[in-house]
Amino acid sequence: MPADFSKDPNATGFFAPTRFEGDILDCEVEGEIPSDIKGSFYRSCLDRRYPPMYANDTPYNSDGAVDLFRIANGAVDFKSRYVRTARYEAEAKARRALFGLYRNRYTFDPSVRDLSQNTANTTPMIHAGRLFSMKEDSPPTALDPHTLATLGEWDFHGEMTARTFTAHPKIDPRTGEMIAFAYEAKGDATDDLAVYVFDKTGRQTRSWWFKSPVVSMMHDMAITDRHIILPTTGMTTSLERLQRGEIHWGYDPKMPAHVAIIPRDGDVKDIRWFRGTPQQAMMVHTTNARTEGSKVILDAPCAGGNFHPYFPSIDGSPYDTPGRLPTIRRWTFDLDSKSDTWKEEILFDGRKVTSFVRIDDRYLTQPFRYSYMMLTDPGRPLDAGRFGNLSARVSNLWVRFDHATGRTTQLYAGAVSGFSEPQFIPRGRHAPEGDGYLIGAVNNFEEMRSDIVIVDALRLEEGPVARIKLPFRLHTQVHGWWASAEELPF
């Protein structure tokens with residue numbers, strides 16, 4: 001039977017599946033790409049190949065695709081490939097969707113209930129010369145960083161035994177170590193957590209296994225030079241929920257926030273859990289963290305309610321509630337205090353801040369000033385009618401936020417365009433923090449196509465210095481990654 005997406009409410013307009021792979025040698029470039037930009041820009045993306053089995057499924061249950069823009073000497077080559085997961089291959093053979101609702105095996109076709117559900121659609125990352133595209137319900141998937149050929153799920157030489165793996169490992173810029181964690185680490189709805197440290201060659205050097213006080217989505221983490229930080233969220237699940245045939249996550253407005261602080265040189269007995277309020281329980285992504293004396297300081301976007309339109313509240317409360325959108329907050333944990341709470345400061349309330357935020361990764365674990373985020377400013381001209389029922393995906397600004405002064409600078413996409421998450425490119429290895437470029441996709445909903453723009457990160461308001469023009473719309477990006485030619489030669 002031919003594929004028919006007419007009953008999928010998420011497959012409309014610009015966000016309809018592209019269902020393509022392709023290559024472009026020598027992309028069209030408007031302006032001039034700075035000569036000090038040489039490297040690879042990767043994007044992990046969502047793109048369904050077959051209509052979903054359930055109309056109320058989330059787009060995050062889509063097949064994964066990876067885009068590569070390779071830049072050198074002012075020229076750009078483009079490549080895009082689907083990730084050939086076991087799921088991809090099974091559905092290609094059947095010529096239809098087989099995997100039911102997001103992360104719920106009870107809704108899968110019986111032929112694939114014991115097969116990996118990995119879509120590899122969330123975050124690309126280069127470590128130890130390997131390219132990974134990651135999805136937090138499964139081990140990372142390795143790809144050839146030059147051809148994008150799928151190599152398969154990666155278990156770090158058999159040393160990573162958890163059933164799952166975060167989509168947001170952190171790489172310590174001082175040591176080259178990758179630090180990662182797994183939640184539901186022993187299977188669906190389990191309260192088991194695992195934390196791993198892999199050295200710069202990709203070999204495991206440390207691991208911790210312990211229990212979480214709640215079973216919740218734990219999408220991101222943070223690290224300092226001395227600590228690992230794991231926040232829970234208000235998204236919860238249970239075997240009973242899955243057996244009822246529901247989507248994996250439901251938002252519990254009464255679930256308090258929990259944060260684990262793990263000494264990097266400590267043992268399980270040294271892990272300390274802090275407890276917050278339900279209004280602090282939607283920290284999906286983190287910005288950066290540092291340790292100063294006995295204090296661990298975390299900056300991150302956090303919402304006061306459910307800002308995720310695809311995962312309903314378990315008590316039936318509406319998605320669009322006051323305080324649901326993220327603000328940039330600073331949480332300070334005093335390890336010398338006997339209190340299990342933390343101090344909170346609101347650094348930036350941009351009304352429509354997304355939870356997608358990036359920094360100059362050379363400053364991970366260290367004191368820093370700048371972060372870069374997407375934001376929707378309703379005060380700017382915005383032709384929302386073009387975005388349809390998926391307007392929650394559209395941000396019309398890139399914003400540089402100064403965490404020391406609270407000041408912002410902005411780049412406006414235009415009334416018919418929206419940005420994907422930017423990546424920061426340092427101007428050089430020894431350039432000061434923030435001295436470099438932002439690179440990322442801008443989608444034009446009127447022309448139904450995408451460009452990649454490069455902007456001087458010190459002068460966002462001046463607009464792009466170069467625009468990589470594409471004759472089509474790109475896959476829907478989740479996250480991206482920049483790898484310099486020094487880190488990944490080609």
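Below, each value reflects all heavy atoms present in this structure, side chains not excepted, and no hydrogens, waters or symmetry copies. Fair warning: this is a prediction, and the values are worked out from it, not measured in the lab.
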Exercise. Is it true that Tyr363 and Phe424 have ring centroids separated by less than 6.0 Å?
Worked result: no
Problem set entry | Residue list, ring-ring contact (aromatic ring centres under 6.0 Å, His included) with Phe14, at least two apart or on another chain | Phe445
Exercise. What's the shortest heavy-atom distance between His168 and Thr166, and which atoms?
Worked result: N-OG1, 2.8 Å
Exercise. Between Phe472 and Phe20, is the gap from one ring center to the other below 6.0 Å?
Worked result: yes
Exercise. What do you reckon, are the aromatic ring centroids of Tyr183 and His219 less than 6.0 Å apart?
Worked result: no
Seminar exercise, completed: Across all chains, not counting sequence neighbours, the ring-ring contact (aromatic ring centres under 6.0 Å, His included) partners of Trp398 are Phe419
Exercise. About how many Å separate CZ of Arg48 and OG1 of Thr18, when rounded to the nearest 0.5 Å?
Worked result: 13.5 Å
Problem set entry | Under 3.5 Å donor-acceptor, Asp63 side chain and Tyr88 backbone | no
Exercise. Any donor-acceptor pair under 3.5 Å linking the side chain of Arg226 with the backbone of Gly293?
Worked result: yes
Exercise. Hey, what do you get for CE (Met217) to NE2 (His248), rounding to the nearest 0.5 Å?
Worked result: 10.0 Å
Problem set entry | Aromatic contact, Phe356 with His479 (centres under 6.0 Å) | yes
Problem set entry | Non-hydrogen side-chain atoms of Ile262 and Met221 separated by less than 4.5 Å | no
For this session: With the side chain counted from C-beta on, respond yes when Met255 and Ser216 share a heavy-atom pair under 4.5 Å apart, and no when they do not.
Result: yes
Exercise. Under a 4.5 Å cut-off applied to non-hydrogen side-chain atoms, are Arg330 and His403 in contact?
Worked result: yes
For this session: Kindly indicate whether the side chain of Ile425, heavy atoms from C-beta on, has any atom under 4.5 Å from the side chain of Leu438.
Result: no
Problem set entry | Test side-chain hydrogen bond (donor to acceptor under 3.5 Å, both in side chains) applied to Arg81 and Asp23, Thr147, Asp67, the passing residue | Asp23
Exercise. With ring centroids as reference points, do Phe333 and Trp342 lie under 6.0 angstrom apart?
Worked result: yes
For this session: Drop me the distance from Thr119's OG1 to Asp137's CG, to the nearest 0.5 angstrom.
Result: 6.0 Å
Exercise. Under 3.5 Å, side chain of Asp220 to main-chain N/O of Thr286, donor-acceptor pair present?
Worked result: yes
Exercise. Quick one: does Lys469's side chain get under 4.5 Å of Arg449's, heavy atoms only?
Worked result: yes
